[in-house]
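Working notes for the structure below.
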Amino acid sequence: MDQNLRYPAAELLLFARTLLERAGLETDKAAAVAEVLLEGDLLGHTTHGLHLLAAYLADIEQGGMARSGEPGVLSDRPAAVTWNGRRLPGPWLVVKAIELAIPRARQYGTCTVAIRRCHHIASLAAFLTRATDHGLMILLMSSDPLASGIAPHGGKRGVYTPNPIAAGFPTDGEPVLIDVSASITTLGLTARLNQEGRRLPGKWLIDADGNPSILLSLQPWNEKLGVPLPRPA
C-alpha cells in the first residue's frame, strides 16, 4: 500500500464504524471505538490508531471482545468508582468513565474510575481532550496483569506490560497532552517493525542472555464484511 496516500478523516471514521457495526458491536460502542482509533492516527500515534482495527475485529469474531452490554458497578463511593468491564470495548469504556467522572470531579474536586477486565483501550492521548475541553486535568493509566511483554531493568524475562501513562491539562490556549510508556518503546511499534522486517532505532530489546539487542498482516476485514475501502483524498 502507498504510505503517502491521504484519506478524508470523515470517510475513515465512517469506514471503521461501519466495519465494527457489521462485526456485531452496538452502535454507540462502534462509534466510540472508531472515534478513538481515528483520533490516535490524527495525533500521530499510528501504531495505536486504525492499525488496531483488524485486531479488534478478530477479537470480536473470536469472542475476546464483548459486543453488547454495560459495565458492572463493583463500587461507587462516589468520587472513587470501580467497574467490571466485562471485556467490553476499551475505548468505549474509557469514554464512558470520563463522562461519569467529569460532573463528579466538579462536585467533589476529583473522581477516579478504575476498570478491570477491560479490552484494549488504544491510544491514551486520544482521550485527553475529552477532559481538558471542560477545563479539567486528567491522568490516565493502563496495565494488564495477563500480559508480560516487558522485562524489568536487568532482567531476561517479560514480567509486565508497557504500562502507559497519559496526562492532559488545560491552559489559556491549547491543552498540554502527554502520553508515554514506562517501557523504552511500545509493543505496537515493536510488532510493526518486526512485521516489516525492519530494526528498532536502538538496542531496545533484550535477547535470551539478557543482552541489549536491535533485532527484531492485516486480514482484509473490509472484504469479509462487505465494506468498501475509503477513496484517497
Side-chain angles (χ1 to χ4, degrees), residues 3 33 36-37 39-41 43-66 71 74 82-94 97-98 112-128 138-168 176-219:
Q3 299 297 318
V33 173
V36 170
L37 292 183
E39 182 66 13
D41 278 325
L43 288 170
H45 298 289
T46 58
T47 57
H48 288 65
L50 290 170
H51 176 76
L52 295 170
L53 184 57
Y56 283 14
L57 292 167
D59 243 12
I60 293 170
E61 182 179 63
Q62 296 164 10
M65 180 192 291
L74 302 176
T82 303
W83 284 351
N84 177 355
R86 294 174 173 165
R87 298 301 294 173
L88 288 160
W92 176 78
L93 282 168
V94 176
I98 293 171
T112 299
V113 182
I115 309 172
R116 72 184 194 189
R117 297 193 69 241
C118 176
H119 200 274
H120 191 267
I121 68 172
S123 170
L124 274 61
F127 301 97
L128 302 179
I138 180 172
L139 182 63
L140 182 59
M141 295 172 284
S142 176
S143 186
D144 184 353
L146 301 179
S148 55
I150 306 301
H153 183 69
K156 300 180 183 179
R157 180 174 59 85
V159 174
Y160 41 70
T161 69
N163 295 341
I165 302 172
V176 175
L177 308 177
I178 303 167
D179 185 355
V180 297
S181 287
S183 57
I184 197 169
T185 188
T186 66
L187 297 177
L189 178 61
T190 304
R192 170 181 286 182
L193 295 180
N194 182 59
Q195 291 169 357
E196 295 174 353
R198 296 162 57 194
R199 295 187 175 189
L200 290 163
K203 294 183 178 181
W204 294 353
L205 302 183
I206 299 295
D207 65 19
D209 296 319
N211 300 312
S213 174
I214 199 172
L215 300 176
L216 277 174
S217 348
L218 187 64
Q219 184 175 354

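Distance check, rounded to the nearest 0.5 Å: CZ of Arg117 to CG of Leu74 gives 10.5 Å. Going from atom OG of Ser123 over to atom CG of Leu140 covers 9.5 Å, rounded to the nearest 0.5 Å. Taken from CG in Leu37 to NE2 in His48, the straight-line distance is 10.5 Å, to the nearest 0.5 Å. For the atom pair CG (Asp41) and OG1 (Thr46), the distance works out to 6.5 Å, reported to the nearest 0.5 Å.
Pro152 meets the side-chain contact (heavy atoms from CB on, under 4.5 Å) test with Val159, Tyr160; sequence neighbours excluded. In this view, Thr82 satisfies the side chain to side chain donor-acceptor pair (under 3.5 Å) rule with no residue, not counting sequence neighbours. Shown here are the side chain to side chain donor-acceptor pair (under 3.5 Å) partners of Asn163, two or more places apart in sequence or in another chain: Ser143, Thr161. For Trp92, the side chain to side chain donor-acceptor pair (under 3.5 Å) partners at least two apart in sequence or on another chain are Asp28. Residues that satisfy the side chain to side chain donor-acceptor pair (under 3.5 Å) test with His119, not counting sequence neighbours, are Asp59.
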>> Quick one, Arg86 with Arg116, criterion side-chain contact (heavy atoms from CB on, under 4.5 Å). Give me CA distance, side-chain angles, the key distance, then yes/no.
In response: CA-CA 8 Å; Arg86 294 174 173 165; Arg116 72 184 194 189; over 6 Å; no
> Could you walk me through whether Leu93 and Ile121 pass the side-chain contact (heavy atoms from CB on, under 4.5 Å) check?
Replying inline: CA-CA 8 Å; Leu93 282 168; Ile121 68 172; over 6 Å; no
>> Could you walk me through whether Leu124 and Leu128 satisfy the side-chain contact (heavy atoms from CB on, under 4.5 Å) test, starting with their C-alpha distance in whole Å, then the side-chain angles of each, then the deciding distance to 0.1 Å, before giving a yes or no?
In response: CA-CA 7 Å; Leu124 274 61; Leu128 302 179; 5.8 Å; no
Show me the donor-acceptor pairs, under 3.5 Å and distance only, between side chains in residues 178-187 and residues at least two apart or in other chains.
| residue | atom | partner | partner atom | Å |
| --- | --- | --- | --- | --- |
| Asp179 | OD2 | Ala125 | N | 3.0 |
| Ser183 | OG | Thr185 | O | 2.5 |
| Thr186 | OG1 | Leu189 | N | 3.0 |

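In this structure the side chain of Pro91 reaches within 4.5 angstrom of the side chain of Phe127, judged on heavy atoms. When side chains are defined from C-beta on, Leu139 counts as touching Met141, because their heavy atoms get closer than 4.5 Å.
A pairwise comparison of heavy atoms in Leu88 and Pro71 identifies CD1-N, 3.7 Å as the closest pair. The two residues Ala97 and Ile115 make their nearest non-hydrogen contact at CB-CD1, 4.1 Å.
A donor-acceptor pair is defined here as one N or O able to donate and one able to accept, closer than 3.5 Å; no such pair exists between the side chain of Asp209 and the backbone of Asn211.
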